[in-house]
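Residues: numbered from 1 along the sequence shown. Predicted model, so just to flag it, every value in this text is computed and none were measured.
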Amino acid sequence: MIHSPIVDIRQKILEGDVTARELATVALERANSSPGKNTYLSIEEADIKQQLSAPSLVTEEGQLLRGIPISVKDCFDVRRYRTSFGSKYYFEASDIKREDSMLVQRLRAVGATIT
């Protein structure tokens, strides 16, 4: 399911075949499944749960990505995360961001769950 095209995943959400919580769970389970186990330097499960608790996880017009987990390259600021450019050095040197970059703002505006 997680490797399906987004349009197929969205349709499954609309039809009630899968929930946003189920998708996020699968995404988190597979997050660092690469051979080096280092795809993600930071995952904030509490933040993801908070996003999933937001009112109305039903896909609405204008909410094209509602409930779909989206990963964002860590060269874009994501509130409550460090921006590290894929480097542990920058991860440790970076402050936790208070605001989202424009890219992340736009993803959230269409309902994406930022993982």
Side-chain angles (χ1 to χ4, degrees):
M1 163 63 77
I2 208 81
H3 295 293
S4 300
I6 288 177
V7 294
D8 293 348
I9 295 171
R10 181 172 189 265
Q11 190 61 38
K12 290 195 179 293
I13 291 172
L14 287 170
E15 293 170 357
D17 294 337
V18 67
T19 67
R21 190 167 309 282
E22 290 169 333
L23 290 170
T25 299
V26 170
L28 290 172
E29 287 172 353
R30 296 182 181 183
N32 277 325
S33 61
S34 66
K37 308 261 185 243
N38 62 349
T39 305
Y40 295 87
L41 293 177
S42 181
I43 297 174
E44 297 294 333
E45 290 188 39
D47 178 59
I48 296 165
K49 287 178 183 177
Q50 182 180 15
Q51 292 177 71
L52 294 171
S53 298
S56 180
L57 276 179
V58 175
T59 305
E60 301 169 10
E61 191 64 36
Q63 295 287 299
L64 298 176
L65 297 179
R66 174 58 78 195
I68 296 176
I70 302 289
S71 297
V72 178
K73 177 71 176 142
D74 60 355
C75 60
F76 297 100
D77 289 350
V78 177
R79 73 174 180 259
R80 299 189 199 116
Y81 286 81
R82 298 175 188 274
T83 304
S84 65
F85 302 93
S87 164
K88 288 185 181 182
Y89 170 80
Y90 287 119
F91 179 80
E92 293 170 4
S94 177
D95 292 332
I96 294 173
K97 303 306 178 204
R98 293 187 220 182
E99 296 182 14
D100 291 328
S101 64
M102 183 59 68
L103 170 88
V104 175
Q105 288 176 28
R106 292 181 75 185
L107 287 168
R108 289 187 199 276
V110 293
T113 302
I114 305 299
T115 59

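For the atom pair CG of Leu52 and CD of Glu45, the computed distance is 11.0 Å after rounding to the nearest 0.5 Å. Summarising the geometry, atom CD1 belonging to Ile9 is positioned 12.5 Å from atom CG belonging to Asp17; distances are rounded to the nearest 0.5 Å. Between atom OG1 of residue Thr19 and atom NZ of residue Lys12 there is a gap of 13.5 Å, rounded to the nearest 0.5 Å. We find the OG1-CD1 distance between Thr113 and Ile68 to be 8.5 Å, quoted to the nearest 0.5 Å.
Of the possible donor and acceptor atoms, one in the side chain of Asp74 sits under 3.5 Å from a partner among the backbone N and O of Gly86.
Taken together through direct or relayed side-chain contacts under 4.5 Å among Ile, Leu, Val, Met, Phe, Trp and Tyr, Leu103 and Phe85 form parts of separate hydrophobic clusters. No single ILVMFWY cluster, assembled from side-chain heavy atoms under 4.5 Å apart, contains both Phe76 and Tyr90. In the hydrophobic clustering of this structure, Val110 groups with Val72; members are Ile, Leu, Val, Met, Phe, Trp, Tyr whose side-chain heavy atoms approach within less than 4.5 Å, directly or through other members.
Evaluation of the side-chain contact (heavy atoms from CB on, under 4.5 Å) rule for Arg108 yields Gln51, Val78, Arg79, Asp100, Val104, Ile114 as partners, not counting sequence neighbours. Listed by chain and number, the residues in a side-chain hydrogen bond (donor to acceptor under 3.5 Å, both in side chains) with Glu29 amount to none (sequence neighbours excluded). The side-chain hydrogen bond (donor to acceptor under 3.5 Å, both in side chains) search around Gln50 returns Arg80, not counting sequence neighbours.
The only member of Leu14, Asp8, Val7 that meets side-chain contact (heavy atoms from CB on, under 4.5 Å) when paired with Arg10 is Leu14.
Taking all atoms of both residues into account, the shortest heavy-atom contact from Leu23 to Gly67 is CD1-O, 3.7 Å. Looking at every heavy atom in both residues, Lys97 comes nearest to Asp77 through CE-OD1, 3.5 Å. Between Ala24 and Pro69, the shortest heavy-atom contact is N-CG, 4.3 Å.
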- Could you go through the side chain to side chain contact (heavy atoms under 4.5 Å, CB included) check for Ile13 and Arg66 one step at a time? CA-CA 9 Å; Ile13 291 172; Arg66 174 58 78 195; 6.0 Å; no
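The 12-atom threshold is not exceeded at CD of Glu99, counting heavy atoms of other residues, nucleotides or ligands nearer than 6.0 Å.
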